[in-house]
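Just follow the structure's listing: the first ligand is 1, and inside any ligand the first atom is 1. Along the sequence shown, residues carry numbers from 1.
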Amino acid sequence: MSKKGWDNFWKDQRQSFYAVMKMATGYFVTQLEKKYRLQPNDTIFDYGCGPGFVADSLAGKNNRIAGADINEFFIQQCRHNHPEALFFLITTTVATNKKILEEQLQHRKFDYILVLSIVQYLPHEKELEEIMGLLGRYLEPQGKLIIADVLDENTSSLKDAFSLFIHCLKKGRLGAFLGFISYLLFSDYRMISKQNKLLHVSEQAIRDMAKRQALTCEKVPGLTLQKSRSNYVLGHGSVKSPV
Ligand SMILES: C[S@@+](CC[C@H](N)C(=O)[O-])C[C@H]1O[C@@H](n2cnc3c(N)ncnc32)[C@H](O)[C@@H]1O
């Protein structure tokens, strides 16, 4: 098999580990709603939206959602499920995405911009900083750029699998957990992860990037299901603390 990167892996994906991804994204949205008291008219831009699980979780709550992803199949699914929202295709090149966002979003600003479970699939830290710089322009003055589910030196696959297992057990979804584990072990995900290590980014590196991009940065625990990963809330000014 030729060397395939995470970008090509994701561009080709269809419904690989939907059940667990949907559960994890649903958990994140619940925590976001609780911690930040999301309001019905809050605007949200989901960068790397996947099949649209954030939009699915917020359906009927009157949030105005936009989303972008590198996978055309996912974008079609988002458009089909949420015809009222704006979903569009982006690339893995941040400079190209700058132009795409300018065309698609024009002068829109958002209360929340989400980068959820994306960082580990980027090739280098440099891309993350470019994404921060790009997305910062689309934030409302009090808006929050949430970079969540970041792997770092404290991340442990075993601890993450355990927290996922406990959640699936509580939700009566052991089948989803087993499906996920067998997917990780027996699909091309395993092969690709041997060839391309998932990107780990330390807290200090995130703070340094935010500073260079003139963004404030706060580490917020508990936003995601996988407890050994980190979450950061970036903003232009004093970021409202979670409740
Ligand atoms: C694990 S999924 C997470 C999807 C969604 N954020 C969620 O949490 O439900 C990872 C997503 O990142 C997208 N992705 C991968 N590389 C990307 C990149 N360089 N820029 C933007 N999105 C990317 C994939 O297409 C995929 O939809």
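Contacts of I75 classified as side-chain contact (heavy atoms from CB on, under 4.5 Å), with partners at least two apart in sequence or in another chain: C49, D69, R79, F87, L89.
Aromatic ring centres of Y189 and F9: separated by under 6.0 Å.
Of the N and O atoms on the side chains of S228 and D160, at least one donor lies less than 3.5 Å from an acceptor on the other residue.
Using bins of under 30°, 30° to 60° and over 60° for the plane-to-plane angle, the ring pair Y18/F74 lands in the tilted bin.
Residues Y138 and R108 approach most closely at CD2-O, 3.4 Å, considering heavy atoms.
Protein residues having a heavy atom under 4.0 Å from any atom of ligand 1 are W10, M21, T25, Y47, G48, C49, G50, F53, D69, I70, F74, I90, T92, L116, S117, I118, Y121, L122, listed by chain and number.
The pair E102-K98 meets the salt-bridge criterion, since a charged nitrogen lies less than 4.0 angstrom from a carboxylate oxygen.
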